[in-house]
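Here's the structure, in structure tokens; my notes come after.
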Protein chains: 2
Amino acid sequence: MPEIDVKDLIVDSATKFFSKYGFHKTTMDEIAKNIHKAKGVIYYYFRSKEELFREVLKKELDNVKTELSKIISSNEDYMTIIKQYFLTRLKLLSTAVNYHETLKADFFEKYNFVKDVRDDFAAYEYKQLLWLFTKGEKDGHLTINNMKSTVNVVMMLLSSIEFPLYLQNKYSEYESTIDELVTMITVSLRGMQK
Amino acid sequence: MPEIDVKDLIVDSATKFFSKYGFHKTTMDEIAKNIHKAKGVIYYYFRSKEELFREVLKKELDNVKTELSKIISSNEDYMTIIKQYFLTRLKLLSTAVNYHETLKADFFEKYNFVKDVRDDFAAYEYKQLLWLFTKGEKDGHLTINNMKSTVNVVMMLLSSIEFPLYLQNKYSEYESTIDELVTMITVSLRGMQK
DNA sequence: TATTTGACTATTATAGTTTTTTGGTCAGAT
DNA sequence: ATCTGACCAAAAAACTATAATAGTCAAATA
């Protein structure tokens, strides 16, 4: 019975290398060597390199989910929460480099093995936004006529700006514009009507 | 003294092949052969393959500019014009495949030789939106506190959704969502205030 | 029993070489 | 002024040889 879980050690080591060199340039051997183990032991805990990468990505996104959930359940006033949600969402994902890699991969090979993890994050976000907007309308902060399509639009928007922000590294360049954008979104949520 | 301008013939032929096969897979020889000319003649009218491609791209974008200008100067009511501008902008560019190629290239080599053409289009759009929004505010249709940053946000938005729409071919999938998005933008332009 | 090792293999990626294609030139023809 | 096609240097593609790596597994360890 080991003191520290070897599986965690592996994931940490993998995170280090995947983050620095990416999926393809990282070798299973260096991940193992880094924690003074033989390569074989990784396969005792993970079926494949792809599954290991998926685990790393999952942790990355789970971290974002955790932070976003904190914001949503905080007791700030409603409009602050909703603004903070967007800003934090964009900021935290800007450091999720393995997530960026899967985004970039959409243009070439496609990392199909991470589809479920990404779908899970999208499902999480859909749920949160749906709840947030529904609450906002009930409490009179927002005016939304079609709830589901509004959530879809916002999600399309969020995923669209990921390309310039994360793949073209315009996050810092756009930082002030992001703030404007978020303001714009909240304004339109507040004022939407037939 | 030729009946039809050979330069135009070349551009048309080039458009045909660039649109079908892209910049790299198109050869100067097939462009020339297609109009029963020798390759050399292209170099009488154009300095290089890159310049020829730039011409093709320019025509593609000039066409969009023309259509957008028509909309702006039409005598529909203001909110119709502004909605129509966005929808048409996104729709027309969805068929501009050579433009798509330059977008995609941003992730690899970069087609630096088309920078000026793209900058020109961006400058055109900035000018149009600035004029449109300024007019909209003067006539009481819009409420905008920072004109320039509003134009910048809208432009960031437009260029961001180009990635999923044109590079991941989600235009048809997103068509209804685009409509919602445009509505959302107009709502926020109408209702923006400190 | 649960975990770890490292030699082993089949596959894939990389480096190096040769061959082919292609962008661009130009002297001469129309 | 416009066009041709042979020509060249450079780049791309095809091909081969070599090295690196993902994944396996029988045996060792604890």
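For NZ of A:K83, the number of neighbouring non-hydrogen atoms (other residues, nucleotides, ligands) closer than 6.0 Å is greater than 12. The number of heavy-atom neighbours closer than 6.0 Å to OH of A:Y78, taken from other residues, nucleotides and ligands shown, is above 12.
Rounding to whole angstrom units, CD of residue B:E50 and P of D:dA11 are separated by 12 Å. In this structure, CD1 of B:I31 is placed 12 Å from C1' of C:dT22, rounded to the nearest angstrom. When the P atom of C:dT4 is taken as reference, atom CZ of A:F46 falls 12 Å away, rounded to whole Å. The separation between A:Y45 atom OH and D:dG23 atom C1' is 18 Å, rounded to whole Å. Distance, B:I42 CD1 to D:dT2 P: 16 Å, rounded to whole Å. Distance A:I35 CD1 to C:dT4 P: 9 Å, rounded to the nearest Å. Taking atom NE2 on B:H36 and atom C1' on D:dT2, their separation rounds to 18 Å, with Å as the unit. Atom pair B:K7:NZ and D:dA1:C1' shows a separation of 15 Å (rounding to whole Å applied).
In the set C:dG6, C:dT3, D:dG23, the nucleotide with an atom closest to the side chain of A:A38 is C:dG6. Checked against C:dA2, C:dT14, D:dG23, the side chain of A:Y44 finds its nearest nucleotide in C:dA2. With distances taken from any side-chain atom of A:T27 to the nucleotides D:dC3, D:dT21, D:dG23, the minimum falls on D:dT21. Ranking C:dT14, D:dT4, C:dT5 by closeness to the A:K25 side chain, first place goes to C:dT14.
Remark: B:K65 is not positioned above the aromatic ring of B:F121, lacking an NZ or CZ atom under 6.0 angstrom from the ring centre and at most 45 degrees off the axis.
Residues B:Y166 and B:I161 have side chains not in contact (no heavy-atom distance under 4.5 Å, counting atoms from C-beta outward). Contact check for B:Y111 versus B:K104: no side-chain heavy atoms found under the 4.5 Å cut-off.
The phosphate of C:dT5 has neither OP1 nor OP2 within less than 4.0 Å of any side-chain N or O from A:Y43.
Toward the 5' end of DNA chain D, the nearer of the two residues A:S48 and B:H24, judged by each one's closest nucleotide, is B:H24. With the nearest nucleotide of DNA chain D identified for both A:M28 and B:K37, B:K37 has the one nearer the 5' end.
Residue side chain A:K39 reaches the base of D:dG23 through a donor-acceptor N/O pair under 3.5 Å, judged by distance alone.
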